[in-house]
Amino acid sequence: MMLLSSGLVLSFIQPGTIITDGGIFSSIAYKDLNGGTLYVDAWENKPPGIFYLIELFMLVIPEPVYAVFILSVLALVGLSLLVYTFIFNSTNSLSASLSLGTIGSAIILFKPNCGDGLYTEIYGTLSLVGAMILIQKLNLTGKTKYLNYSLILIGLSIWFKEPFVLISIPIILYIFSKGHFKNKIMRSIIFLILPSAFFILLLVLSGSLSSFIDTVLYNFQYAGAKTNSVSVTVKLTELYNNVYKDVSPLLLVAVFFTIKAFQGKTEKSRIVWMLTIWLSSLLFALVSPYNLGHYYIPFNTFTILYIAEAYNWNYTPHINYKWPLILLSLYSIYRFDDHYNVKITHNIHAYQPDNIVKRLLKEKDKTVFVDYVNRADMYIKTKKVPVTFVPVALPIHFQADSSGLEHRKRIYAEIEYNKPDYVITTFTTAYFSWFMPNSPYYENNYHKIDSVKPNDEEILILWERNTSQELNSEKNNLAQ
């Protein structure tokens with residue numbers, strides 16, 4: 001399973017593979033690590049878990065491009081291996097675990113959903129799957145240490161993305177229903193809130209707590225946005241067509257196993273709670289007004305966990321559904337691969353910086369402002385700390401939003417006060433704020449010196465600040 005999951009991940013993530021969200025997270029972490037203050041002059045609407053995790057890897061691995069690459073690969077491969085562990089604990093069959101784990105890896109490590117491996121959904125899901133494995137151990141042994149560790153992981157998940165509370169609550173209630181909290185409620189609460197205490201302490205020490213609270217309040221407004229919201233019907237239709245149409249036999253298996261379990265001697269509350277946890281992972285994606293592939297990472301993961309548990313409910317020495325599970329898993333693998341032509345590779349290619357990155361790496365004492373939000377990764381690739389306030393310059397945060405308008409003003413004010421030596425744009429300027437009119441600011445103060453056109457991406461243009469002589473020459477030309 002290690003070979004399969006690493007091969008799947010390396011087929012779409014290599015050193016330097018950093019897309020929009022990962023670039024934003026990395027640049028904010030890089031600024032926070034190099035003199036900035038999270039949520040004060042480096043703003044994102046996510047909890048601090050992903051930023052502090054990236055910073056930890058940047059501290060351990062000095063080359064930031066390789067730091068985020070190793071983090072991404074470890075997270076995705078780790079998620080796949082944890083899912084396999086859960087499946088094996090449920091099925092107690094190597095062949096069934098390998099077959100279900102293979103199709104599970106294919107849909108969990110789905111390239112359009114996982115991107116560059118830095119989405120917060122990956123890390124929250126990783127925490128909760130780890131907790132589910134510990135709960136399996138807890139149910140088997142009754143040892144308190146498994147309860148404590150599982151609660152820490154559950155409490156950790158919400159610090160990657162707040163909606164993980166929707167999945168965390170039914171998991172906690174399931175543990176409670178099994179009687180594991182008996183005479184341990186206060187101690188259990190302490191372990192559950194340990195991650196929160198840790199992150200709050202870090203925010204207090206860094207002077208970020210007040211701004212973080214403002215960010216949480218902003219997220220309630222963001223979650224309730226109506227502009228460009230996608231209906232539940234559209235979301236479910238696209239989810240089915242993109243993933244579950246090819247693995248529909250497994251969905252039928254889940255339905256069959258559930259019906260059989262309700263008819264059998266399996267404890268009904270156990271079925272209900274696992275079903276609730278599974279559906280809550282779908283609710284995680286549906287509560288957002290938007291429809292992005294990475295929102296479904298928890299649901300895809302818990303679908304596989306649910307199938308494994310449902311198999312376990314129906315296992316008896318006399319009735320074994322192992323072969324139907326194996327055959328339908330293999331059939332689903334065939335259909336999924338026939339649709340997407342799944343690639344596997346174990347080659348790691350060294351990062352090759354483009355001409356702009358090479359130039360800026362030589363200019364160690366110079367500053368840069370990346371105007372193009374999709375390429376915020378240029379900060380860590382050039383090893384340049386963002387010279388201005390860093391916002392999440394995405395349209396969903398800037399469309400007619402008061403905080404977005406304030407962020408725009410602040411960026412321009414800081415650029416004017418402390419002009420960066422270089423600016424990176426795409427084909428248009430002022431792209432970081434998307435809906436602002438093009439400004440002549442760059443043309444008046446900078447000149448173009450280089451450009452690159454990455455495959456299947458917009459052009460990148462490097463601008464250099466005009467010298468005093470060049471500015472005087474321009475003024476004389478205008479006067480003439």
Side-chain angles (χ1 to χ4, degrees), residues 18-44 51 64-65 353-395 397-398 403-452 454 457-468 470-471:
I18 308 171
I19 57 177
T20 303
D21 284 31
I24 294 169
F25 299 160
S26 300
S27 64
I28 287 174
Y30 197 60
K31 177 151 188 171
D32 187 47
L33 199 60
N34 290 276
T37 304
L38 193 59
Y39 303 113
V40 176
D41 55 12
W43 185 85
E44 228 282 353
F51 310 117
V65 167
D354 60 37
N355 291 338
I356 291 178
V357 173
K358 288 178 182 177
R359 179 192 288 263
L360 294 181
L361 284 172
K362 294 176 183 176
E363 303 277 3
K364 296 186 182 299
D365 298 324
K366 301 293 185 178
T367 56
V368 66
F369 173 68
V370 180
D371 180 273
Y372 181 28
V373 66
N374 292 30
R375 294 307 308 271
D377 62 305
M378 293 297 283
Y379 283 118
I380 67 166
K381 287 181 176 178
T382 60
K383 296 184 180 179
K384 297 285 186 286
V385 179
V387 71
T388 67
F389 167 67
V390 183
V392 189
L394 292 169
H397 297 293
F398 274 82
S403 60
L405 295 172
E406 289 300 317
H407 289 170
R408 298 174 191 174
K409 293 177 183 177
R410 180 175 175 181
I411 292 169
Y412 271 124
E414 292 185 12
I415 290 176
E416 179 62 33
Y417 176 75
N418 185 21
K419 289 185 178 66
D421 298 298
Y422 295 96
V423 172
I424 296 174
T425 72
T426 183
F427 58 88
T428 179
T429 57
Y431 203 72
F432 70 85
S433 51
W434 290 68
F435 295 101
M436 285 186 70
N438 284 347
S439 167
Y441 178 83
Y442 296 144
E443 287 84 346
N444 293 343
N445 293 277
Y446 293 82
H447 59 278
K448 299 176 183 178
I449 58 171
D450 204 350
S451 65
V452 295
E457 295 182 28
E458 299 292 355
I459 190 171
L460 286 180
I461 301 170
L462 180 65
W463 303 61
E464 185 177 33
R465 191 175 67 187
N466 295 335
T467 63
S468 298
E470 288 170 329
L471 287 172

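We number each residue from 1, following the sequence as shown.
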- Query: Nearest 0.5 Å, what's the CD1-CD1 distance between Ile461 and Ile449?
  - Reply: 12.0 Å
- Item | Rounded distance [0.5 Å steps], CZ in Arg375 versus CD1 in Ile356 | 8.5 Å
- Task: With the side chain counted from C-beta on, respond yes when Phe51 and Asp32 share a heavy-atom pair under 4.5 Å apart, and no when they do not.
- Result: no
- Query: For Ile459, does its backbone N or O pair with a side-chain atom of Thr426 as donor and acceptor, under 3.5 Å?
  - Reply: yes
- Give a yes or no on whether the backbone of Pro386 and the side-chain of Lys31 come within a donor-acceptor separation of less than 3.5 Å. yes
- Determine the minimum heavy-atom distance between Phe369 and Pro420, stating which atoms define it. CB-CG, 3.7 Å
- Among Val385, Val387, Val368, find the residue that satisfies the side chain to side chain contact (heavy atoms under 4.5 Å, CB included) test when tested with Tyr379. Val368
- When rounded to the nearest 0.5 Å, the distance separating CG of Asp354 from CG of Leu462 is 9.5 Å
- Query: Taking atom CD1 of Ile24 and atom CH2 of Trp43, what is their separation to the nearest 0.5 Å?
  - Reply: 10.0 Å
- Query: Is the side chain of Thr382 donor-acceptor paired with the backbone N or O of Val357 at a distance under 3.5 Å, no angle test?
  - Reply: no
- Is it the case that more than 12 heavy atoms not belonging to Lys419 sit under 6.0 Å from its NZ atom? yes
- Query: Does Asn374 reach the side chain of Glu457, with side-chain heavy atoms less than 4.5 Å apart?
  - Reply: no
- Message: Going by side chain to side chain donor-acceptor pair (under 3.5 Å), Trp463 matches just one of Thr425, Asp450, Asn445. Which one?
- Response: Thr425
- Heavy-atom side-chain contact between Leu360 and Met378 under 4.5 Å: no
- What's the shortest heavy-atom distance between Pro64 and Lys383, and which atoms? CD-CE, 4.0 Å
- Query: Taking Asp41 for the side chain and Thr37 for the main chain, is one N or O donor matched with an acceptor at less than 3.5 Å?
  - Reply: yes
- Query: Are side-chain heavy atoms of Ile380 and Ile18 found at a separation under 4.5 Å?
  - Reply: yes
- Between OG1 of Thr20 and OH of Tyr372, what distance do you get to the nearest 0.5 Å? 7.0 Å
- Would you give the length of the straight line joining atom NZ of Lys448 to atom CD of Glu443, rounded to the nearest 0.5 angstrom? 7.0 Å
- Heavy-atom distance under 4.5 Å between the side chains of Glu363 and Tyr422, does that happen here? yes
